[in-house]
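Order of appearance sets the numbers: ligands from 1, and atoms from 1 within every ligand.
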Amino acid sequence: MGLLESCFSRSYLHIMPSNPLEIVILAAGKGSRMRSDQPKVLHEVGGLPLLEHVLKASQALQPNAIHVVVGHAREQIQSRFNESYFTTAKLNWVVQEEQLGTGHAVMQALPAIDDQANVLMLTADVPLLTASTLEAMLKSMQASPLCLLTACVTDPNGLGRIIRDDSNSPVGIVEHKDASAAQRKIDEINSGILCAKADNLKRWLAQISNSNAQSEYYLTDIVELAADEGSPITAIQAADSDEVMGINDRIQLAQAERRYQLQRAKALMQSGVTIIDPARIDIRGEVTIEADTVVDINVVIEGPSHIESGCTIGPNCVIKASQIGAGSTVHPNSVLEQTIVGKSVNIGPFARLRPGTDLADEVRIGNFVETKKAVIGKASKVNHLSYVGDASVGQNTNIGAGVITCNYDGANKHHTHIGDDVFVGSDAQLVAPVSVDDGATIGAGSTI
Ligand code: UD1
Ligand code: CA
């Protein structure tokens, strides 16, 4: 379970807002500053699309439905998230044909939303958003029909500024392009995340216009309308402004990635994993690591992966979709993909374990060994420079240096079976299909 998922999933039960919750996620824009053929919301942080981070946070709040407003490249986005992804909430794809502004985007979702609901409006490009912040917003909805999520930042350039009155209540948001020089000095910005009672939201959005610097229907204009009506407005400031950081270009994408990786590294360290340098580890997707495992520098681990306790992962290893049993060591510069590793196994340095590798306890795979669809029995050794593919190997078998299972005849792949307690001498070639019985000895340089 990922960090974000785990902190969201233990979260929500203690607040039950009286009104049903509907979540609207804005994802229709092009994201032109990414300069990409791929829609912005499919660019990844921690191995997951930006939109997926926001969807995970949304699902954890157990809303009645999640309305995702799509437009630009919508087929690509929709095909990435099929219905089966939405386990806890109904999904409603809402199409915004023309991107006429954030207010216009929210309007497209309103017909599907009941007047009594609370509508939480999120943008799809804020991958670091946390549960506790959204919960605080929902809680404040008991006292006011509109809540803004704001942050104080050192560089507010390009963002909407929060306007407050003499008593410090928020009374409006002015977009950077529409702001006066004095307003541009305000360092409290609009995160783009708001929550409003649906009936009020419908009334306010019906009144907004596009007479502004960008000729867009701004969602942010509802704040002034609410203030004019005398509605109480709550503003919640994110404790850490990075949390609401929106991704608009690849520089911000890289900044969010580092931030996210640091969070995951911290969570692992807090759970008992030693990480030699938390700035030099990359965890992508669903990855779990048990206590007293040590992860050295420049390691990339992609999910779904699980590493049991007391393992050592050496520098520069790449581990994808693999499981590693307790007390195993992966020496430097090894690559594991779709591999199952038993307990007290030794791998590498410089080993390449390809999909379908399954190593029993106490196996030893040495340097410059490649395996693929290879099931290797307890305490067997493949120590040097071998290729073992489409093969099964029994227990306590020794495969000498440079042994090759010749699995491919130019047209088809064939299987090699090697039994228990076999000794295969160095430089032997086993031309598959071939089967070597238990206890056999094969001399060095043989071709079988
Ligand atoms: C918006 C806010 C600004 C805030 C900033 C935070 C408005 C008017 N401004 O500005 O106050 O500081 O976010 O990042 O709301 N989108 C649609 N349809 C549209 C337009 C936008 O779905 O017609 C989506 C985009 O895909 C994006 C989000 O809404 O996910 C925000 O749009 P963007 O154009 O990035 O707004 P900003 O100008 O950044
Ligand atoms: Ca933006």
Side-chain angles (χ1 to χ4, degrees), residues 23-34 36 38-43 49-55 58 67-74 76-77 93-110 120-129 146 148-153 155-163 170 172-179 183-184 186-196 201 204-205 208-225 235 237-238 241-249 252-253 255-256:
I23 295 181
V24 178
I25 301 177
L26 304 188
K30 184 163 189 295
S32 8
R33 280 169 285 174
M34 295 299 285
S36 177
Q38 188 177 220
K40 173 169 88 173
V41 299
L42 294 187
H43 281 265
L50 297 178
L51 175 57
E52 188 162 350
H53 288 274
V54 177
L55 286 171
S58 299
H67 310 266
V68 186
V69 182
V70 286
H72 178 79
R74 65 172 184 262
Q76 250 175 294
I77 298 169
W93 292 110
V94 177
V95 176
Q96 184 192 26
E97 293 289 354
E98 265 187 293
Q99 282 76 67
L100 302 179
T102 50
H104 180 261
V106 170
M107 273 186 241
Q108 309 312 303
L110 291 181
L120 178 60
M121 294 159 275
L122 310 173
T123 56
D125 60 359
V126 283
L128 303 178
L129 196 60
L146 176 61
L148 322 176
L149 178 59
T150 76
C152 289
V153 298
D155 179 15
N157 244 313
L159 295 165
R161 307 299 207 285
I162 307 298
I163 310 298
I173 296 175
V174 58
E175 289 305 296
H176 182 89
K177 285 182 179 150
D178 302 286
Q183 289 168 329
R184 285 183 183 184
I186 298 170
D187 69 354
E188 188 185 11
I189 57 97
N190 171 31
S191 67
I193 295 163
L194 294 82
C195 193
L201 182 63
W204 296 326
L205 282 175
I208 66 172
S209 81
N210 65 349
S211 47
N212 50 52
Q214 304 183 76
S215 301
E216 285 182 7
Y217 293 90
Y218 291 164
L219 175 59
T220 46
D221 284 355
I222 66 171
V223 180
E224 195 180 323
L225 291 165
Q237 275 188 4
S241 66
D242 281 348
E243 186 191 328
V244 297
M245 150 184 199
I247 310 300
N248 294 306
D249 60 30
Q252 290 168 335
L253 186 69
Q255 287 165 345

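Judged as a side chain to side chain contact (heavy atoms under 4.5 Å, CB included), and not counting sequence neighbours, the contacts of L42 are Q38, P39, P49, Q76, I77, R80, F81. By the side chain to side chain contact (heavy atoms under 4.5 Å, CB included) test, Q99 pairs with A28, H72, Q96, sequence neighbours left out.
An N or O contact shorter than 3.5 Å links G101 to ligand 1 by distance. Between T102 and ligand 1, a contact under 3.5 Å exists for at least one N or O pair. Between L100 and ligand 1, a contact under 3.5 Å exists for at least one N or O pair. Checking only distances, G160 does come within under 3.5 Å of ligand 1, N or O to N or O. For ligand 1, the polar-atom distance check finds no N/O of I173 at less than 3.5 Å from any of the ligand's N/O atoms.
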message: Go through it in stages, so that I can follow the logic: the residues are I23 and H67, the test is side-chain contact (heavy atoms from CB on, under 4.5 Å), and I'd like the CA-CA distance, side-chain angles, deciding distance and then a yes or no.
response: CA-CA 6 Å; I23 295 181; H67 310 266; 6.0 Å; no
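Contact atoms of ligand 1 toward L159: 5 (C), 6 (C), 12 (O), 14 (O) (distance under 4.0 Å to a heavy atom of the residue).
Heavy atoms of T220 come nearer than 4.0 angstrom to ligand 1 in at least one pair. Contact between E175 and ligand 1 is present, with at least one heavy atom of the residue lying under 4.0 Å from the ligand. A28 counts as a contact of ligand 1, since one of its heavy atoms falls under 4.0 Å from the ligand.
Here the side chain of D187 pairs no donor or acceptor atom with the backbone of C152 at under 3.5 angstrom. Under the 3.5 Å distance criterion, the side-chain polar atoms of S191 are left unmatched by any main-chain donor or acceptor of V244. At least one donor-acceptor pair closer than 3.5 Å links the side chain of R161 to the backbone N or O of R184. A distance-only check finds a donor-acceptor pair linking the side chain of N212 to the backbone of E216 [under 3.5 Å].
For the residues N248, T123, V244, the heavy atom positioned nearest atom 28 (C) of ligand 1 is part of T123. Distances from atom 18 (N) of ligand 1 to the heavy atoms of Q96, Q99, R33 put Q96 nearest. When the options V24, L26, N190 are ranked by their closest heavy atom to atom 27 (C) of ligand 1, first place goes to L26.
Within the 4.0 Å heavy-atom criterion, the part of A105 lying near ligand 1 is the side chain and not the backbone.
Checked against V69 for a side-chain contact (heavy atoms from CB on, under 4.5 Å), the options L26, V95, I25, T123 give a single hit: L26.
The 12-atom threshold is exceeded at CD of Q252, counting heavy atoms of other residues, nucleotides or ligands nearer than 6.0 Å.
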